[in-house]
K.L.:
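Below is one structure. I have some questions about it.
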Amino acid sequence: MTQPRHPKIRVGIGGWTYEPWRGVFYPDDLPQRRELEYASSKLTTIEINGTYYGSQKPESFRRWREETPDDFVFSVKGPRFATNRRVLAEAGSSIERFFASGVTELREKLGPINWQFQATKKFDPADLEAFLKLLPKSQDGVDLRHVLELRNASFMVPDCLDLLRAHGAAVVLTDHETFPNFEESPAAFTYVRLQRASETEPLGYSAKALDDIAERARRWAGDGEVFIYMINGFKPKAPAAAMGLIERL
């Protein structure tokens, strides 16, 4: 089993069900029902992304918790129904339904909740603050952490980071070509989604690029936990990129 080389840095992928990973990351003879078990033995975190599109069942969260190692952590994407709206202050009912769906069945394995905004959503200080006030600090006895994936350059202003800092929320750091590339997290943890894996690189990223990411991750870890996800670009290389980074930590 691959264990975290650095106790405060976790590295993984987005989701675990992806046909091109079969026979490349997953062994040919591995039953699909055991893919999460296998992935969690090689990685140290996974971002659950199905929750962005629709509700999951409490028993699903419970099963995922039981199928993974004791020290494994999931992050979870919040529902698009909460963030893909003109007035964020009106997202309360969607947020409540999400947390009532059983996500806290992950218990000690529940990491940050990622609230992804559309690239067309622009910074409105009052509305953003209203949204942040809707995000609960705990649910069912489980402490919650929140991170916002802001995809419009209008958010790259000090006022935005000040609001996030005041509410203990992080911002997604990324290497995406067009999304805002924030340098540091305003929260006591760092959340990174990397999206430039290349088909021509054996590990998706060059050795130097992975070395650089590992160096930055160790620096971020001085301020708290770090979560790094290899999301896409050339997605078939995501598991290899994640494992290559884990080896460097």
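For reference, positions follow the sequence shown, starting with 1. When reading the values below, keep in mind they use all heavy atoms of this one structure, side chains included, and skip hydrogens, waters and symmetry mates.
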K.L.:
How far apart are the C-alpha atoms of D162 and R165, what are their side-chain angles, what is the distance that settles it, and do they pass the salt bridge (Lys or Arg N to Asp or Glu O under 4.0 Å) test?
P.N.:
CA-CA 5 Å; D162 288 345; R165 189 175 295 110; 3.0 Å; yes
K.L.:
Before you tell me yes or no, could you show the steps for F227 and S75 under side-chain contact (heavy atoms from CB on, under 4.5 Å), namely the whole-Å CA-CA distance, both residues' side-chain angles and the distance that decides it to 0.1 Å?
P.N.:
CA-CA 9 Å; F227 300 85; S75 65; 5.6 Å; no
K.L.:
Heavy atoms, side chains only, cut-off 4.5 Å: are W16 and I48 in contact?
P.N.:
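Of all side-chain heavy-atom pairs linking I48 with W16, at least one is under 4.5 Å.
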K.L.:
Can you give me the closest heavy-atom contact between G92 and L134, atom names plus distance?
P.N.:
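The answer is N-CD1, 3.6 Å.
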K.L.:
Do any N or O atoms from the side chain of D127 and from the backbone of L88 form a donor-acceptor pair under 3.5 angstrom?
P.N.:
yes
K.L.:
Could you tell me how the ring of W64 sits relative to the ring of F74: parallel (under 30°), tilted (30 to 60°) or perpendicular (over 60°)?
P.N.:
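Geometry flag for F74 against W64: tilted rings.
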K.L.:
Does atom NZ (K137) have a neighbourhood of more than 12 heavy atoms from anything else shown, all under 6.0 Å?
P.N.:
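Correct, the count exceeds 12.
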K.L.:
Are the side chain of D140 and the backbone of V142 linked by a donor-acceptor contact shorter than 3.5 Å?
P.N.:
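No, D140 side chain to V142 backbone: no donor-acceptor pair under 3.5 Å.
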K.L.:
Counting only heavy atoms not in E177, do more than 12 fall under 6.0 Å of its CD?
P.N.:
no
K.L.:
Are E47 and Y191 linked by a side-chain donor-acceptor pair shorter than 3.5 Å?
P.N.:
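Yes, a side-chain donor-acceptor pair sits under 3.5 Å.
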K.L.:
Is the shortest heavy-atom distance from the side chain of N114 to the side chain of V172 under 4.5 Å?
P.N.:
yes
K.L.:
Run the side-chain hydrogen bond (donor to acceptor under 3.5 Å, both in side chains) check on N49 and Y229 step by step: do they pass?
P.N.:
CA-CA 12 Å; N49 46 35; Y229 299 96; over 6 Å; no
K.L.:
Counting C-beta onward and ignoring hydrogens, is there a side-chain heavy-atom pair between T174 and I231 closer than 4.5 Å?
P.N.:
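In short, these two side chains do not touch, never coming nearer than 4.5 Å.
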K.L.:
In sequence, state the C-alpha distance, the side-chain angles, and the governing distance for D212 and R216, and then conclude on salt bridge (Lys or Arg N to Asp or Glu O under 4.0 Å).
P.N.:
CA-CA 6 Å; D212 290 345; R216 294 179 72 191; over 6 Å; no
K.L.:
If we ignore angles and hydrogens, is there a donor and acceptor under 3.5 Å between the side chains of T83 and K121?
P.N.:
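No - no donor-acceptor pair under 3.5 Å links their side chains.
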K.L.:
More than 12 foreign heavy atoms under 6.0 Å from CD of E199: is that the case here?
P.N.:
no
K.L.:
Say whether, by atom type as modelled, one donor and one acceptor occur between the side chain of R62 and the main chain of E105 under 3.5 angstrom.
P.N.:
no
K.L.:
For M230 and L245, what are the C-alpha separation, side-chain angles and deciding distance, and is it a side-chain contact (heavy atoms from CB on, under 4.5 Å)?
P.N.:
CA-CA 10 Å; M230 300 296 181; L245 182 55; 4.0 Å; yes
K.L.:
Would you confirm whether K237, through its side chain, and E201, through its main-chain N or O, come within 3.5 Å as a donor-acceptor pair?
P.N.:
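Checking the backbone N and O of E201 against the side chain of K237, a donor-acceptor pair under 3.5 Å is found.
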K.L.:
Kindly check if the number of other-residue, nucleotide or ligand heavy atoms within 6.0 Å of CD (E215) is above 12?
P.N.:
no
K.L.:
What orientation do F98 and W115 show, parallel under 30°, tilted 30 to 60°, or perpendicular over 60°?
P.N.:
perpendicular
K.L.:
Determine yes or no for a side-chain-to-main-chain donor-acceptor pair under 3.5 angstrom, with K133 supplying the side chain and H167 the backbone.
P.N.:
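Pair absent, no side-chain N/O of K133 close to backbone of H167.
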K.L.:
Between the side chains of Y52 and N84, does any donor sit under 3.5 Å from an acceptor?
P.N.:
yes
K.L.:
Would you please indicate if the ring centroids of Y38 and F25 are separated by under 6.0 Å?
P.N.:
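Yes, the ring centres sit under 6.0 Å apart.
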K.L.:
Walk me through it: do R22 and T17 pass the test side-chain contact (heavy atoms from CB on, under 4.5 Å)?
P.N.:
CA-CA 9 Å; R22 295 171 192 148; T17 302; 3.5 Å; yes
K.L.:
Heavy-atom distance under 4.5 Å between the side chains of I95 and P136, does that happen here?
P.N.:
yes
K.L.:
Could you go step by step and tell me if R219 and E184 meet the salt bridge (Lys or Arg N to Asp or Glu O under 4.0 Å) rule?
P.N.:
CA-CA 10 Å; R219 176 165 53 82; E184 303 289 341; 2.7 Å; yes
K.L.:
Parallel, tilted or perpendicular: which one describes the rings of W21 and Y26, with boundaries at 30° and 60°?
P.N.:
perpendicular
K.L.:
Does R63 CZ have over 12 foreign heavy atoms under 6.0 Å away?
P.N.:
yes
K.L.:
With the side chain counted from C-beta on, respond yes when V147 and F189 share a heavy-atom pair under 4.5 Å apart, and no when they do not.
P.N.:
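Yes. Closest side-chain heavy atoms under 4.5 Å.
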K.L.:
Measure the shortest side-chain to side-chain distance between L135 and I113 over non-hydrogen atoms and say whether it is less than 4.5 angstrom.
P.N.:
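No. Closest side-chain heavy atoms not under 4.5 Å.
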K.L.:
Where do L132 and L148 land on the side-chain contact (heavy atoms from CB on, under 4.5 Å) test, with the steps shown first?
P.N.:
CA-CA 9 Å; L132 290 167; L148 274 57; 4.1 Å; yes
